[in-house]
Protein chains: 2
Amino acid sequence: MSQKRTTPLEAPSIRKHQCTVDIRLEKLGMVPFFWNLDREILQPINNEFSASHFHAGQPIYYEGEKATMLRVVVYGAVKLIRQTEEGKEIMVDMLKPGEYFGNLNELGDDTYSETATAQSDACIMSIGNREFRSLLNMYPSIAVAVLDVTTKKLNSARQQIHHLTTLSVKKRIAHILKELCGKFGEESKVGMLLQLPLSRKDLADLAGTSTETASRVMSRFQQDGLITSGRQWVAITDINALSEVVSSN
Amino acid sequence: MSQKRTTPLEAPSIRKHQCTVDIRLEKLGMVPFFWNLDREILQPINNEFSASHFHAGQPIYYEGEKATMLRVVVYGAVKLIRQTEEGKEIMVDMLKPGEYFGNLNELGDDTYSETATAQSDACIMSIGNREFRSLLNMYPSIAVAVLDVTTKKLNSARQQIHHLTTLSVKKRIAHILKELCGKFGEESKVGMLLQLPLSRKDLADLAGTSTETASRVMSRFQQDGLITSGRQWVAITDINALSEVVSSN
DNA sequence: CGGTCTGTTGAAGGATTTCAACACTCGTGG
DNA sequence: CCACGAGTGTTGAAATCCTTCAACAGACCG
């Protein structure tokens with residue numbers, strides 16, 4: 001039985017981050033939207049965006065607000081949260097650099113359907129919907145790239161629905177751990193460490209279950225040697241065994 | 001207590017449907033992708049598509065097959081089905097004219113993630129992924145239109161996830177009935193009749209529950225006068241009451 | 001008019017939630 | 001540097017929602 005230890009996560013604000021124009025340009029080129037674009041095209045696009053810094057825990061926008069901006073994570077992690085009717089907060093997604101959030105559509109009466117908060121210190125680039133739409137019309141390759149990213153998100157949302165309707169909690173959590181491992185996993189002494197603060201509540205939200213059930217499942221996984229975990233952190237030690245959990249009996 | 005009656009659904013094959021070139025052109029212009037396009041542009045686009053007819057129940061493609069085509073429903077209804085690991089079939093979506101399905105992405109090693117079958121007699125237009133990608137690059141406005149449709153689907157998928165993780169079966173079914181009413185509802189003597197064959201199994205699949213539970217919930221709704229229903233058909237008689245069910249205590 | 005598919009309902013069993021109490025970790029301030 | 005307190009994680013037991021199994025009833029098809 002593996003005992004818990006103090007968090008192995010890197011303190012996110014240790015890495016100093018400065019959004020100079022050059023770094024912004026470089027980051028922008030790394031965003032899937034803007035792959036394959038020449039620097040001469042990237043430059044005017046860059047000018048349309050404005051960058052903002054957020055401290056860990058700071059809100060970026062609120063659910064229900066008028067949705068006027070499209071945003072891209074440049075640095076740090078962003079958490080998307082929805083409210084239930086009873087006012088409980090449910091985490092619905094965790095974003096890492098390169099991912100977009102906010103509102104893509106031309107502004108009408110749309111409002112944000114979730115609250116976004118900086119999970120760690122973060123740098124976010126923003127552009128107005130209208131301005132982004134002109135970019136799309138001006139550079140078809142951007143429109144196609146955005147479509148591809150959106151289609152991928154749609155497919156993964158559909159898979160998640162399928163899992164919610166057909167798999168047990170145990171299998172859903174195993175699958176979510178695998179996904180998070182691919183997205184946030186980094187090699188470390190304790191196995192593939194998920195480089196983000198991740199509580200039992202967060203996992204429970206993603207799996208559509210209660211904190212207690214998530215805790216029980218995680219305890220079991222730890223007993224069986226599939227993971228190592230402590231307060232707000234999880235490391236995967238046996239990803240093949242996790243896969244087996246998902247596809248077993 | 002309202003008694004069941006024989007189906008009030010229109011037999012789908014009664015309306016005779018002929019896909020002449022002119023009708024194809026007209027239908028194509030009605031697809032959200034191709035709104036706002038001039039007839040001169042529509043003509044060459046039309047030539048890239050080929051139309052096929054399917055009889056009710058006939059499969060269009062199978063889950064796992066190499067995904068080479070993008071398709072659009074011109075006439076009729078299409079049912080998308082996924083398999084569970086144990087081989088049970090789960091209906092995941094019902095499409096009506098104007099909606100797209102199949103694969104949007106450039107063909108790589110992608111396979112269809114669901115099986116598509118014609119729910120009624122149907123006319124489907126198809127285009128190869130590669131050809132569709134050239135259209136996107138050639139006409140940016142199409143790319144933007146496709147992006148908008150996809151974004152809407154994504155938002156609705158996310159809402160569905162939120163419901164699956166936070167609402168009871170009763171509320172989920174009430175919400176699904178409302179959605180279907182907006183999509184397939186037509187005025188009739190028995191109330192807003194959902195113009196498609198819809199079994200308890202179908203509803204159960206959409207709500208992520210069992211046929212029996214769906215049946216119990218529907219019986220209750222019928223008792224309470226919210227719906228009228230029989231074998232493979234449902235009519236909503238009190239949509240406000242359904243809304244209240246979703247948002248109540 | 002019989003057979004098959006779909007829908008209904010009851011009862012038992014199971015998975016998950018909820019309530020509750022306690023343990024552990026981490027940051028903060030003495 | 002240590003101790004405290006708040007937040008987070010764990011675990012047990014009772015309650016609940018839902019599934020599963022089973023039997024039967026009603027609707028549609030030929």
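Naming: A, B, ... by sequence-line order, numbering from 1 per chain.
Between A/Ser219 and D/dG9, a side-chain N or O to OP1/OP2 separation shorter than 4.0 Å is absent.
Between the side chain of B/Arg220 and the base of C/dT8, no donor-acceptor pair under 3.5 Å is found. Judged by atom type and distance alone, B/Glu212 does not reach the base of D/dC18 through any side-chain donor-acceptor pair under 3.5 Å. With hydrogens and angles left out, the side chain of B/Arg216 and the base of C/dG10 share a donor-acceptor pair within 3.5 Å.
Spacing between atom CD of A/Glu86 and atom P of C/dT17 amounts to 14 Å, rounded to whole angstrom units. Atom NZ in A/Lys171 sits roughly 11 Å away from atom P in C/dT16 (whole-Å rounding). The separation between B/Met218 atom CE and C/dG7 atom C1' is 11 Å, rounded to whole Å. Residue B/Trp233 contributes atom CH2, which lies 13 Å from atom C1' of C/dG7 at whole-angstrom precision. Rounded to whole Å, the distance from CZ on B/Phe221 to P on C/dT8 is 13 Å. Going from atom CD of A/Gln223 over to atom C1' of D/dG9 covers 15 Å, rounded to whole Å. In this structure, A/Gln232 places its CD atom 12 Å from P of D/dG7, rounding to the nearest Å. Put simply, CD1 on A/Ile173 is 9 Å from P on C/dT17, counting in whole angstrom units.
For A/Ser215, whose side chain is taken as the heavy atoms from C-beta onward, the closest listed nucleotide among D/dT10, C/dT16, C/dT8 is D/dT10. Checking C/dT6, C/dT8, C/dC24 against every side-chain atom of B/Arg231, the shortest atom distance belongs to C/dT6. Distance from the side chain of A/Ser199 is smallest for D/dT8 among the nucleotides D/dG26, D/dT8, C/dT8.
Across all strands shown, B/Ser210 has heavy atoms under 4.0 Å from base atoms, whether or not it also approaches the sugar-phosphate. Counting non-hydrogen atoms under 4.0 angstrom, A/Thr213 reaches a base of the nucleic acid. Contacts of A/Thr211 with the nucleic acid, taken as non-hydrogen atoms under 4.0 Å apart, are absent.
Note that OG of B/Ser199 is 7.5 Å distant from CG of B/Asp205, once rounded to the nearest 0.5 Å. Within the model, atoms CD of B/Gln160 and NZ of B/Lys153 stand 10.0 Å from one another, a figure rounded to the nearest 0.5 Å. Interatomic distance, B/Ile60 CD1 to B/Ile124 CD1, rounded to the nearest 0.5 Å: 4.0 Å.
Annotation: the terminal axes of the helix from C/dG14-D/dC17 to C/dG30-D/dC1 meet at 20°, where each axis is the rotation carrying the C1' atoms of four end pairs onto the next four (5 pairs per end, rounded to 10°).
Residue pairs meeting the salt bridge (Lys or Arg N to Asp or Glu O under 4.0 Å) criterion with at least one partner in residues 216-226 of chain A, sequence neighbours excluded, are A/Arg220-A/Asp224.
Note on ring orientation: taking the six-membered ring where Trp is involved, the planes of B/His163 and B/His175 are perpendicular (angle over 60°, cut-offs 30° and 60°).
A side-chain donor-acceptor contact under 3.5 Å links B/Ser126 and B/Arg71.
By the side-chain contact (heavy atoms from CB on, under 4.5 Å) test, A/Thr111 pairs with no residue at all, sequence neighbours left out.
Enclosure of atom NZ in A/Lys183 by more than 12 non-hydrogen atoms of other residues, nucleotides or ligands within 6.0 angstrom is indicated.
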